[in-house]
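Shown next, in structure tokens, is the structure this report addresses.
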Amino acid sequence: MVFWSFTTTSKVVVILLSLLSLLRPLTSIRLGLVRLPLPDLPSFREAPAFRNGEGCGSSEADRINVAMTLDVNYLRGTMAAVLSMLQHSTCPENLAFYFLSAHESPELFTSIRSTFPYLNMTIYRFDSNRVRGKISKSIRQALDQPLNYARIYLADTIPENVQRVIYLDSDLVVVDDIAKLWGVDMEGKIVAAPEYCHANFTLYFTDQFWRDPVLSKTFKGRNPCYFNTGVMVMDVEKWRKEKYTEKVEEWMAVQKQRKRIYHLGSLPPFLLVLAGNIKAVDHRWNQHGLGGDNLEGKCRSLHPGPISLLHWSGKGKPWLRLDSRKPCIVDHLWAPYDLYRSSRHFFEE
């Protein structure tokens with residue numbers, strides 16, 4: 001379901017809705033939907049206008065599709081991520097953003113539109129009922145939120161004419177041209193992402209999983225490696241045709257109804273279905289783990305090697321640590337992209 005798409009008409013609608021909400025703040029406004037109340041949103045500075053460089057095409061074939069979730073608690077991270085992509089892109093006007101939100105609220109629309117007036121984007125409603133009764137408790141509450149599972153249903157939510165998309169978490173910044181990641185040769189695979197084969201793959205599943213004579217054979221014939229689902233190039237056309245949503249859901253059902261086979265939210269069912277059968281891309285496209293572990297979120301340093309994307313996966317988020325005045329060194333790499341109006345991390349208004 002399309003929630004908001006930016007057109008000239010929609011600009012007028014947003015202005016009218018904003019005025020009406022000031023006059024009647026306790027009244028829901030109906031536009032074929034029910035508006036749920038949201039907590040006060042942070043205020044952001046308007047980002048500069050980024051224009052295409054020479055040699056950028058303007059056809060449908062030149063478009064780069066980027067999908068992200070839109071969470072009120074991570075909105076500050078989303079704004080920074082979008083800014084970083086626009087700033088480092090040779091053809092920023094070719095970026096098309098698809099946001100998945102659990103809330104149908106004009107405030108989110110207005111917040112993004114006022115921050116990025118020229119952004120090509122659409123907000124789609126993610127129905128949390130799709131995962132009702134399917135989520136099992138993990139080691140961190142943030143991982144149990146329905147929107148954390150929206151990536152599983154991405155292909156079913158965005159338009160069917162979208163065949164390929166880059167899915168990104170909101171706690172990252174891109175410091176390279178995103179077109180380089182978009183251009184990866186998928187080689188017929190469903191997902192392309194950095195693989196980390198040095199990680200102890202067995203730790204992502206419980207002893208109950210590995211002791212089960214049937215479940216333990218899940219990866220037979222594969223060489224499974226960990227990959228982080230916060231940065232993925234996805235062939236969503238193939239995902240739909242081969243019903244990968246249902247394949248992931250089957251493992252969620254095993255976890256929920258039969259036995260506890262993992263602890264980490266939406267990641268393990270992805271690994272169960274896809275690990276060992278993805279297109280590996282350069283590690284530079286996910287310098288992950290900068291938020292520390294999932295329990296304490298302690299500071300971590302950068303891994304050696306070139307970097308195209310910095311990812312604060314883990315418990316610690318850069319905007320929270322900066323606001324607490326107890327930042328990690330790597331958090332200062334995120335600060336230049338922070339558009340939060342009260343921010344003084346890197347520059348003065």
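- Contact check for Gln87 versus Tyr337: side-chain heavy atoms found under the 4.5 Å cut-off.
- With hydrogens and angles ignored, the 3.5 Å screen pairs no side-chain donor or acceptor of Ser43 with any backbone N or O of Arg341.
- Remark: Lys189 does not engage Glu187 in a salt bridge, criterion side-chain N to carboxylate O under 4.0 Å.
- With rounding to the nearest 0.5 angstrom, the CD1 atom of Ile278 is 9.0 Å from the CG atom of Leu271.
- Legend: residues meeting salt bridge (Lys or Arg N to Asp or Glu O under 4.0 Å) with Arg325, ordered by chain and number and at least two apart, are absent.
- Here the closest heavy-atom approach between residue Arg76 and residue Asp323 is recorded as NH1-OD2, 2.6 Å.
- Shown here are the ring pair (Phe, Tyr, Trp, His ring centres under 6.0 Å) partners of Phe126, two or more places apart in sequence or in another chain: Tyr153.
- The closest side-chain heavy-atom distance from Trp285 to Asp176 is below 4.5 Å.
- Of all heavy-atom pairs between Ile190 and Lys238, the closest is CD1-CG, 3.3 Å.
- Arg300 and His303 form no side-chain donor-acceptor contact under 3.5 Å, judged by distance and modelled atom types alone.
- Ring orientation note: the planes of Phe227 and Phe270 are nearly perpendicular, at an angle over 60° on the 30°/60° scale.
- Under the 4.5 Å side-chain criterion, counting only non-hydrogen atoms from C-beta, Leu310 is in contact with Leu302.
- Smallest separation of non-hydrogen atoms from His311 and Asp169: NE2-OD2, 3.4 Å.
- Nearest approach of Val173 to Ala80, heavy atoms of both residues: CG1-O, 4.1 Å.
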*Go through the steps to decide whether Ser89 and Leu86 satisfy the test side-chain contact (heavy atoms from CB on, under 4.5 Å), and finish with yes or no.*
CA-CA 5 Å; Ser89 177; Leu86 295 174; 5.9 Å; no
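- Glu160 and Arg240 are not joined by a salt bridge, as no carboxylate oxygen comes within less than 4.0 angstrom of a charged side-chain nitrogen.
- Applying the disulfide bond (SG atoms under 2.5 Å apart) test to every pair with at least one member in residues 57-86, sequence neighbours left out, gives no pairs at all.
- The structure places CG of Leu95 at 9.5 Å from CG of Asn65, a figure rounded to the nearest 0.5 Å.
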*Report the C-alpha distance between Val273 and Tyr244 in whole Å, list the side-chain angles of each, state the deciding distance to 0.1 Å, and finish with yes or no for side-chain contact (heavy atoms from CB on, under 4.5 Å).*
CA-CA 8 Å; Val273 174; Tyr244 271 79; 3.6 Å; yes
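- Contact detail for Arg63 and Trp182: the closest heavy-atom pair is O-CZ2, 3.6 Å.
- With sequence neighbours excluded, the residues forming a ring pair (Phe, Tyr, Trp, His ring centres under 6.0 Å) with Tyr204 are Tyr226, listed by chain and number.
- Residues in residues 178-257 take part in these disulfide bond (SG atoms under 2.5 Å apart) pairs, two or more places apart or across chains: Cys197-Cys225.
- Residues satisfying the side-chain contact (heavy atoms from CB on, under 4.5 Å) test with Phe219, not counting sequence neighbours, are Phe201, Phe205, Phe209, Trp210, Arg222, Pro224, Leu272, Ala275.
- Here the closest non-hydrogen pair linking Leu154 and Tyr167 is CD2-CD1, 4.2 Å.
- Side-chain atoms of Leu309 and Gln287, non-hydrogen and from C-beta on, never get closer than 4.5 Å to each other.
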*Please step through side-chain contact (heavy atoms from CB on, under 4.5 Å) for the pair Ser170 and Asp71, ending with a clear verdict.*
CA-CA 9 Å; Ser170 296; Asp71 187 328; over 6 Å; no
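- A heavy-atom distance below 4.5 Å is not found between the side chains of Ser84 and Val175.
- Residues Leu41 and Leu119 share a hydrophobic cluster, clusters being chains of Ile/Leu/Val/Met/Phe/Trp/Tyr side chains in contact below 4.5 Å.
- Judged as a ring pair (Phe, Tyr, Trp, His ring centres under 6.0 Å), and not counting sequence neighbours, Trp251 has no contacts.
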*I would like to know whether Met85 and Met68 meet side-chain contact (heavy atoms from CB on, under 4.5 Å); could you show each step before the answer?*
CA-CA 12 Å; Met85 280 180 268; Met68 304 177 73; 4.0 Å; yes
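- Using modelled atom types and a 3.5 Å distance limit, the side chains of Asp171 and Ser313 yield no donor-acceptor pair.
- With rounding to the nearest 0.5 angstrom, the CG atom of Asn286 is 11.0 Å from the CD1 atom of Ile307.
- A heavy-atom distance below 4.5 Å is found between the side chains of Met252 and Ile152.
- How far CG of Asp293 is from CD of Glu296: 5.5 Å, rounded to the nearest 0.5 Å.
- Counting heavy atoms from C-beta on, the side chains of Leu108 and Ser101 come closer than 4.5 Å.
- The environment of CG in Leu203 is crowded: more than 12 heavy-atom neighbours from other residues, nucleotides or ligands sit within 6.0 Å.
- Under a hydrophobic-cluster definition in which Ile, Leu, Val, Met, Phe, Trp and Tyr are linked whenever side-chain heavy atoms come within less than 4.5 Å, directly or via other members, Tyr118 and Phe99 are assigned to different clusters.
- Listed by chain and number, the residues in a ring pair (Phe, Tyr, Trp, His ring centres under 6.0 Å) with Tyr98 amount to none (sequence neighbours excluded).
- A donor atom on one side chain and an acceptor atom on the other are not found under 3.5 Å apart for Arg211 and Ser216.
- Between Lys298 atom NZ and Lys315 atom NZ the span is 11.5 Å, to the nearest 0.5 Å.
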*asked:* Determine whether Thr229 and Arg151 satisfy the following criterion, side-chain hydrogen bond (donor to acceptor under 3.5 Å, both in side chains), listing intermediate values before the conclusion.
replied: CA-CA 9 Å; Thr229 56; Arg151 70 198 80 191; 3.1 Å; yes
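- Crowding of Lys259 atom NZ: a count of heavy atoms from other residues, nucleotides or ligands under 6.0 Å exceeding 12.
- Ring orientation note: the planes of Tyr74 and Trp319 are nearly perpendicular, at an angle over 60° on the 30°/60° scale.
- Legend: residues meeting salt bridge (Lys or Arg N to Asp or Glu O under 4.0 Å) with Lys241, ordered by chain and number and at least two apart, are Glu237.
- Between the CG atom in Asn120 and the CG atom in Asn94 there is a gap of 9.5 Å [rounded to 0.5 Å].
- The list of salt bridge (Lys or Arg N to Asp or Glu O under 4.0 Å) pairs with a residue in residues 246-257, not counting sequence neighbours, reads Lys134-Glu249.
- Residue pairs that meet the disulfide bond (SG atoms under 2.5 Å apart) test with at least one member in residues 79-128, sequence neighbours left out, are Cys56-Cys91.
- A salt bridge does not link Asp235 with Lys279: none of the charged nitrogens is closer than 4.0 Å to a carboxylate oxygen.
- Applying the side-chain contact (heavy atoms from CB on, under 4.5 Å) test to Cys328 and every residue at least two apart in sequence or in another chain returns Cys299, Arg321, Val330, Asp331.
- Using modelled atom types, one side-chain atom of Thr206 and one backbone atom of Arg260 make a donor-acceptor pair closer than 3.5 Å.
- Tyr340 places none of its side-chain heavy atoms less than 4.5 Å from the side chain of Arg45.
- Atom CZ of Arg132 has 12 or fewer neighbouring heavy atoms from other residues, nucleotides or ligands inside a 6.0 Å radius.
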